[in-house]
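All residue numbers refer to positions in the sequence shown, counting from 1. Just so you know, ligand 1 is whichever comes first in the structure, and atom 1 is the first atom listed for that ligand. No experiment lies behind these values; they were computed from the predicted model shown.
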Amino acid sequence: MKKEITNEILMEAAASFATQGEVKSCERYGNGHINDTFLLTCDRRYILQRMNTEVFQNPQALMENIEGVTSYLRQSVIKNGGDPDREALTLVRAKDGKSFYVDSQGGYWRVYLFIENATGYDQVKNPDDFYQSGCSFGRFQGLLAGYPADKLWETIPDFHNTPKRFETFKKAVEEDVCGRAANVQEEIAFVMDRAEKMGTAQRMLSQGELPLRVTHNDTKLNNILIDDATGKGLCVIDLDTVMPGLSIFDYGDSIRFGANTAAEDEPDASKASLSLPLFEAYTKGFLEGCGKDLTENEIRMLPWGAYLMTLECGTRFLTDYLQGDTYFHVAREGHNLDRCRTQFALVKDMEKKWGQMEDIVAHCMKI
Ligand code: ADP
Ligand code: GN1
Ligand code: MG
């Protein structure tokens, strides 16, 4: 069980890093589902995070990855003449020189410089922002191609192994620890009906038809900061899941979150659908960012990336609902079930719009 964060622990953690000046305030920040994130104000602002060690069971390995990836990205930004403190995450060391601090209850903490005058959006407000995020995640994909995969720990094994996610789901249905399965028969059947499809990308990977690359693996819109002044994608954040994966999943997870006409946790799932203009905007940006580096199979399979990420994520939300909401942060009863329903509504709509999705990808590839 995750330990509660008392004010004493928060202050202990905040005071343990080599920040500039005294701690003035520290409050919860952002809408991430995994880590505990705080805005820490001293003479300048910082992001203070307690890492979720139930999700990331080897926090030292996680931080080795983050140190390696952030310094690699920093060098790339410098090489391209950019501002490394705004276009890459910058770790602030603990007073003992380590990149993390372990509190007196065993919690793992880290600090980043806060990137000012930039926003991580929870919903697309303007199609150009989404196009910009496609360009940035596409370029990020291209950049990571130069990062040595053998230097990366797998922070969550089988993270996007959809058939394994399906097996975990089936076990959760059988065990039904909270007695919730009876209420969600329709959602359970929805997953069961698509069991065969869930293995599509994994099969292609194991047959060498899709390459394993270094990928971000969690490319939702609020994991990129958009510059308030220029409206351009500024910095890709939330690097905890950078590890070998499929490019179509980086593309697909962005579509899942950003091209949905409803918020991920909209209680009225009938509002969820695939916005084709947003699908097109992102596809254009992503392909501009890294299209030249992708294989023909990867490009052809982009709609599958979107479909499988949505189906997988909905299945994960349903699994967590069945298991008693232990993985994703929840703010209300039925929160994970609402999230699951918006994902499944989006899956259904993608099934209807499949031909249009394929046409848009083909069209964006030509221009
Ligand atoms: P989680 O894994 O829980 O999603 P994130 O690392 O994505 O945690 O952080 C949560 C939120 O905090 C982000 O969506 C973003 O709004 C904000 N955030 C994280 N890092 C920074 C940063 N360096 N500068 C400004 N905002 C940040
Ligand atoms: C989590 O950490 P965050 O909130 O950016 C999750 C993703 C899900 C997403 C659904 C490590 O992302 O895999 O797609 O929620 N991250 C992890 O919103 O499990
Ligand atoms: Mg995040």
Side-chain angles (χ1 to χ4, degrees), residues 2 27-41 44-57 59 62 65-66 70 73-74 84-92 109-123 133 154-162 165 168 215-228 234-243 245 249-250 252-258 260 263-266 306 308-320 326-331 335-336 338-340 342-343 346:
K2 258 188 280 173
E27 63 246 5
R28 282 214 175 251
Y29 190 79
N31 285 322
H33 294 341
I34 301 297
N35 296 304
D36 290 296
T37 302
F38 298 85
L39 172 62
L40 168 64
T41 307
R44 61 157 296 153
R45 304 207 289 177
Y46 300 90
I47 284 286
L48 169 68
Q49 278 184 324
R50 187 178 71 172
M51 292 166 259
N52 184 330
T53 49
E54 289 182 9
V55 167
F56 300 104
Q57 296 192 352
L62 169 69
N65 280 6
I66 299 283
T70 52
L73 293 172
R74 189 177 181 83
D85 289 349
R86 296 191 79 229
E87 295 171 38
L89 283 176
T90 308
L91 279 170
V92 175
W109 296 81
R110 69 178 165 215
V111 169
Y112 290 118
L113 294 184
F114 185 88
I115 298 172
E116 299 286 352
N117 307 316
T119 308
Y121 291 99
D122 287 311
Q123 240 185 320
S133 92
E154 202 176 9
T155 52
I156 305 179
D158 292 314
F159 189 55
H160 285 314
N161 184 332
T162 319
R165 295 284 187 187
T168 309
T215 48
H216 181 281
N217 294 301
D218 190 2
T219 53
K220 63 184 187 184
L221 186 67
N222 62 17
N223 284 333
I224 183 160
L225 301 178
I226 309 259
D227 193 318
D228 292 339
L234 181 70
C235 182
V236 173
I237 62 168
D238 203 345
L239 304 172
D240 297 339
T241 50
V242 171
M243 57 187 161
F249 286 166
D250 271 8
D253 200 46
S254 289
I255 298 291
R256 170 192 80 71
F257 188 86
N260 194 345
E264 187 184 67
D265 62 351
E266 164 61 52
L308 288 170
M309 279 298 91
T310 313
L311 184 55
E312 180 190 281
C313 194
T315 304
R316 290 173 65 198
F317 288 142
L318 184 55
T319 304
D320 199 30
T326 59
Y327 186 93
F328 296 103
H329 290 170
V330 287
H335 206 163
N336 272 317
D338 287 343
R339 290 171 176 150
C340 153
T342 60
Q343 302 308 293
L346 184 58

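Any N or O atom pair closer than 3.5 Å counts here, and Thr241 shares no such pair with ligand 2. Checked against a 3.5 angstrom limit, the closest N/O atoms of Asp218 and ligand 2 fall inside it. In terms of polar-atom proximity, Asn223 is counted as a contact of ligand 2, with an N or O under 3.5 Å from an N or O of the ligand.
Using a 4.0 Å cut-off between heavy atoms, Asn31 makes no contact with ligand 2 at all. When heavy-atom distances to ligand 2 are checked against a 4.0 Å cut-off, Arg316 comes that close only through its side chain, counted from C-beta outward.
Side chains of Asn52 and Asp240: no donor on one and acceptor on the other come within 3.5 Å. Of the N and O atoms on the side chains of Thr162 and Glu312, at least one donor lies less than 3.5 Å from an acceptor on the other residue. Using modelled atom types and a 3.5 Å distance limit, the side chains of Asp122 and Asn222 yield a donor-acceptor pair. Side-chain contact of Gln343 with Thr310: a donor-acceptor pair under 3.5 Å is absent, judged by distance alone.
Listed by number with element, the atoms of ligand 2 under 4.0 angstrom from any heavy atom of Lys220 are 3 (P), 4 (O), 5 (O), 9 (C), 10 (C), 12 (O), 15 (O), 18 (O). The distance from ligand 2 to the heavy atoms of Gly32 drops below 4.0 Å at these ligand atoms: 4 (O). Those atoms of ligand 2 with a heavy atom of Asp238 less than 4.0 angstrom away are 2 (O), 3 (P), 5 (O). Those atoms of ligand 2 with a heavy atom of Arg256 less than 4.0 angstrom away are 10 (C), 14 (O), 18 (O).
Qualifying side-chain hydrogen bond (donor to acceptor under 3.5 Å, both in side chains) partners for Thr215, counting only residues two or more places apart in sequence or in other chains: Asn217. Residues that satisfy the side-chain hydrogen bond (donor to acceptor under 3.5 Å, both in side chains) test with Arg339, not counting sequence neighbours, are Asn336.
Atom CZ of Arg28 sits about 4.0 Å away from atom CZ of Phe38, to the nearest 0.5 Å.
Evaluated by nearest non-hydrogen atom to atom 19 (O) of ligand 2, the leading choice among Phe56, Phe317, Phe257, Tyr327 is Tyr327. Within the set Ile34, Asn35, Ile156, the minimum heavy-atom distance to atom 1 (C) of ligand 2 is found for Ile34.
Using a 30° and 60° split on the angle between ring planes, His160 and Phe249 fall in the perpendicular class, above 60°.
The two residues Asn65 and Thr155 come nearest to each other via the heavy atoms ND2-CG2, 3.4 Å. Contact detail for Ala263 and Thr342: the closest heavy-atom pair is O-CG2, 3.7 Å. Here the closest heavy-atom approach between residue His216 and residue Asp250 is recorded as N-OD2, 2.8 Å. Closest approach of Leu221 to Phe257, counting heavy atoms only: N-CD2, 3.6 Å.
Protein heavy atom in closest approach to atom 15 (O) of ligand 2: His33 CD2, 3.3 Å. Among protein heavy atoms, the minimum distance from atom 10 (C) of ligand 2 is reached at Glu264 OE2, 3.3 Å.
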Per-pair distances, ligand 1 N/O vs protein N/O, less than 3.5 Å:
| residue | atom | partner | partner atom | Å |
| --- | --- | --- | --- | --- |
| ligand 1 | 2 (O) | Asn35 | ND2 | 3.0 |
| ligand 1 | 2 (O) | Asp238 | OD1 | 3.3 |
| ligand 1 | 2 (O) | Asp238 | OD2 | 3.0 |
| ligand 1 | 3 (O) | Ile34 | N | 3.3 |
| ligand 1 | 3 (O) | Asn35 | N | 2.9 |
| ligand 1 | 4 (O) | Asp238 | OD2 | 3.0 |
| ligand 1 | 6 (O) | Gln49 | NE2 | 2.9 |
| ligand 1 | 7 (O) | Asn223 | OD1 | 3.1 |
| ligand 1 | 7 (O) | Asp238 | OD2 | 3.0 |
| ligand 1 | 8 (O) | Gln49 | NE2 | 3.3 |
| ligand 1 | 9 (O) | Gln49 | NE2 | 3.3 |
| ligand 1 | 14 (O) | Asn222 | O | 3.0 |
| ligand 1 | 23 (N) | Leu113 | O | 3.0 |
| ligand 1 | 24 (N) | Ile115 | N | 2.9 |

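Taking the centre and axis of the six-membered ring of Tyr46, the NZ or CZ atom of Arg44 falls inside the cone set by 45° and 6.0 Å.
Neighbouring protein atoms of the Mg ion (ligand 3) (N, O or S, distance under 2.8 Å, waters ignored): Asn223 OD1, Asp238 OD2.
Looking only at side-chain heavy atoms (C-beta outward), Leu48 and Tyr29 stay at 4.5 Å or farther from each other.
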Hey, mind stepping through Asp218 and Ile34 against side-chain contact (heavy atoms from CB on, under 4.5 Å) and telling me if it holds? CA-CA 11 Å; Asp218 190 2; Ile34 301 297; 5.7 Å; no
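In this structure, the side chain of Asn35 does not engage the main chain of Gln49 through any donor-acceptor pair within 3.5 Å.
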